[in-house]
*Asks:* 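Dropping a structure here in structure tokens format, bear with me for questions.
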2 protein chains.
Amino acid sequence: MPRIADRSEQRRQIGAALLRLAGEEGLDQVSVRTVAAASGRSPGAVQKYFRSKEELLLFASQLSGERIERRMQTVDPTLPLRQALRALVLTILPLDEERRAETAAQLAFAVHAAHHPRLAEVRRRVDREVHDALARRLAAAGTPEPGPTADALIAVSDGLALRLLYAPGDADSLLAALDRAIATLTPP
Amino acid sequence: MPRIADRSEQRRQIGAALLRLAGEEGLDQVSVRTVAAASGRSPGAVQKYFRSKEELLLFASQLSGERIERRMQTVDPTLPLRQALRALVLTILPLDEERRAETAAQLAFAVHAAHHPRLAEVRRRVDREVHDALARRLAAAGTPEPGPTADALIAVSDGLALRLLYAPGDADSLLAALDRAIATLTPP
DNA sequence: CGTTCTAGGATACGGTCGTATTCTATCGAA
DNA sequence: TTCGATAGAATACGACCGTATCCTAGAACG
């Protein structure tokens with residue numbers, strides 16, 4: 001057998017380059033060529049790991065979702081409910097340059113999914129995991145209607161993230177809105 | 001003087017065609033040629049009304065914002081607060097095919113604005129008008145912290161709209177989340 | 001009625017796109 | 001050490017992009 005490369009690691013690197021590019025310059029600046037350049041490869045090398053651009057997009061979307069889930073797991077589970085919720089949402093919001101790119105990519109995928117059933121399925125799967133984790137946490141704290149409350153929190157989080165992308169100067173007042181939402185949605 | 005056409009009406013028609021196309025097939029399917037075809041014109045005719053694609057996009061984004069504001073004004077102002085808020089949000093959510101396209105276009109513009117300062121400005125202006133109208137309504141009903149509450153409601157609305165785009169089957173549970181958010185954010 | 005200006009269509013140009021194909025160098029197994 | 005499979009680069013192709021330019025037909029005025 002001939003020389004081998006760590007395929008999944010290579011795919012991960014290429015997908016990460018796509019997320020960086022999509023986050024910093026927009027999903028419409030993503031092409032096989034630009035992703036190849038952003039990952040320090042030739043376009044032909046990218047083609048070896050992804051048959052088509054669609055496969056590359058799906059992989060990157062999945063990768064992005066996994067990052068979110070992993071980041072949410074780093075929040076201290078012993079925190080009081082409201083502080084825990086605030087910390088969870090803050091891991092998503094684009095409040096610094098690094099997270100801004102990740103959030104921008106995430107939301108670009110979400111909008112793209114509106115016209116792309118396979119991408120939509122990836123998004124729904126991620127949403128379900130986030131929802132279930134949130135709902136469990138809410139139920140454990142005795143919040144009434146944990147299911148709808150979890151969905152409301154996800155919606156607030158996504159809505160704030162979206163708006164922060166084009167109105168980063170409103171961060172202060174939007175964080176006040178987040179606090180108000182958490183305060184009213186959870187028991188004292 | 002030679003034959004004249006109603007320029008602003010023509011521009012409005014072309015912008016409407018762009019919104020339709022962006023909503024139904026996605027913003028990346030929007031090109032000068034496809035917009036021309038969707039509005040029953042030749043690409044050259046579109047060029048007569050918009051110097052560049054960017055100008056066309058800006059105009060359409062503005063048009064989309066005006067539609068939202070106009071639609072919000074159709075909600076009966078004598079309604080009790082919670083019913084009024086619910087009605088206002090429902091005018092935005094993509095719960096039928098017609099509104100789905102409008103919302104999809106709107107959110108596509110929002111994500112696009114993350115990397116496009118001129119589009120971002122249009123979005124911020126629309127958001128401010130919606131926010132002020134909401135805050136006035138909330139303050140009149142005696143809601144504490146009307147400003148942050150208005151921002152929270154906008155975030156919930158956008159977040160739900162985004163998710164409904166790729167998870168239309170979750171409409172029932174997402175409407176329950178909306179009701180929960182409105183119930184907790186407003187005084188009884 | 002003839003002149004003039006414009007609406008709108010047609011066409012062309014350089015660039016980028018996704019993808020298929022081809023080539024070469026190199027590593028792993030025999 | 002030889003051989004075969006693969007990594008990766010290079011190239012090619014047809015399609016579409018935004019935009020500039022040119023052309024034609026017709027309505028509005030003198």
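Letters go in sequence order (proteins before strands), and every chain restarts at 1. The basis for the numbers below is simple: all heavy atoms, side chains too, and nothing from hydrogens, waters or symmetry mates. What you are looking at is a predicted structure, and each value in this text was computed from that prediction instead of being measured.
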*Asks:* Between dC17(C), dA9(D), dC17(D), which nucleotide has the shortest distance from any of its atoms to the side chain of Thr34(A)?
*Replies:* dC17(C)
*Asks:* With sequence neighbours excluded, give me every ring-ring contact (aromatic ring centres under 6.0 Å, His included) pair touching residues 160-188 of chain B.
*Replies:*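 Sorted pair list comes back empty.
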*Asks:* With sequence neighbours left out, which residue pairs that include part of residues 120-141 of chain B fulfil the ring-ring contact (aromatic ring centres under 6.0 Å, His included) condition?
*Replies:*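 Sorted result for residues 120-141 of chain B: empty, none.
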*Asks:* Below 4.0 angstrom from OP1 or OP2 of dG8(C), is there any side-chain N or O of Tyr49(B)?
*Replies:*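 For dG8(C), OP1 or OP2 has a side-chain N or O of Tyr49(B) closer than 4.0 Å.
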*Asks:* In whole angstroms, how far is the C1' atom of dG8(C) from the CD atom of Gln10(B)?
*Replies:*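 That distance rounds to 10 Å.
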*Asks:* Which pairs pass ring-ring contact (aromatic ring centres under 6.0 Å, His included) with one or both residues in residues 54-88 of chain B, sequence neighbours excluded?
*Replies:*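 Matches after skipping sequence neighbours: Phe50(B)-Phe59(B).
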*Asks:* Keeping Arg180(A) on the side-chain end and Leu185(B) on the backbone end, is there a donor-acceptor pair under 3.5 Å?
*Replies:* yes
*Asks:* With side chain to side chain donor-acceptor pair (under 3.5 Å) as the rule and sequence neighbours excluded, what pairs involving residues 84-99 of chain A come up?
*Replies:* Arg86(A)-Asp179(A)
*Asks:* Please list each protein N or O that sits under 3.5 Å from an N or O in nucleotides 18-20 of chain C, with the distance.
*Replies:*
from: dG18(C); atom 1: OP1; to: Lys53(A); atom 2: NZ; distance (Å): 2.8
from: dG18(C); atom 1: OP2; to: Val32(A); atom 2: N; distance (Å): 3.0
from: dG18(C); atom 1: N7; to: Arg33(A); atom 2: NH1; distance (Å): 2.6
from: dG18(C); atom 1: O6; to: Arg33(A); atom 2: NH2; distance (Å): 2.8
from: dT19(C); atom 1: OP2; to: Lys53(A); atom 2: N; distance (Å): 2.8
from: dA20(C); atom 1: N7; to: Gln47(A); atom 2: NE2; distance (Å): 3.1
from: dA20(C); atom 1: N6; to: Gln47(A); atom 2: OE1; distance (Å): 3.1

*Asks:* Rounded to whole Å, how long is the line connecting atom CG of Asp6(A) with atom P of dG8(D)?
*Replies:* 11 Å
*Asks:* Nearest whole Å is fine: how far is dC17(D) C1' from Gln29(B) CD?
*Replies:* 12 Å
*Asks:* Looking at the side chain of Arg7(A), which of dA7(C), dA7(D), dG9(C) is the nearest nucleotide?
*Replies:* dA7(D)
*Asks:* Specify the separation, in whole Å, of atom CD of Gln13(A) and atom C1' of dG8(D).
*Replies:*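 My rounded result for the distance is 14 Å.
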*Asks:* Of the nucleotides dC17(D), dG8(C), dA7(D), which one has an atom closest to the side chain of Lys48(B)?
*Replies:* dG8(C)
*Asks:* Can you list every pair that meets side chain to side chain donor-acceptor pair (under 3.5 Å) and has a residue in residues 15-29 of chain B, with sequence neighbours left out?
*Replies:* His112(A)-Asp28(B)
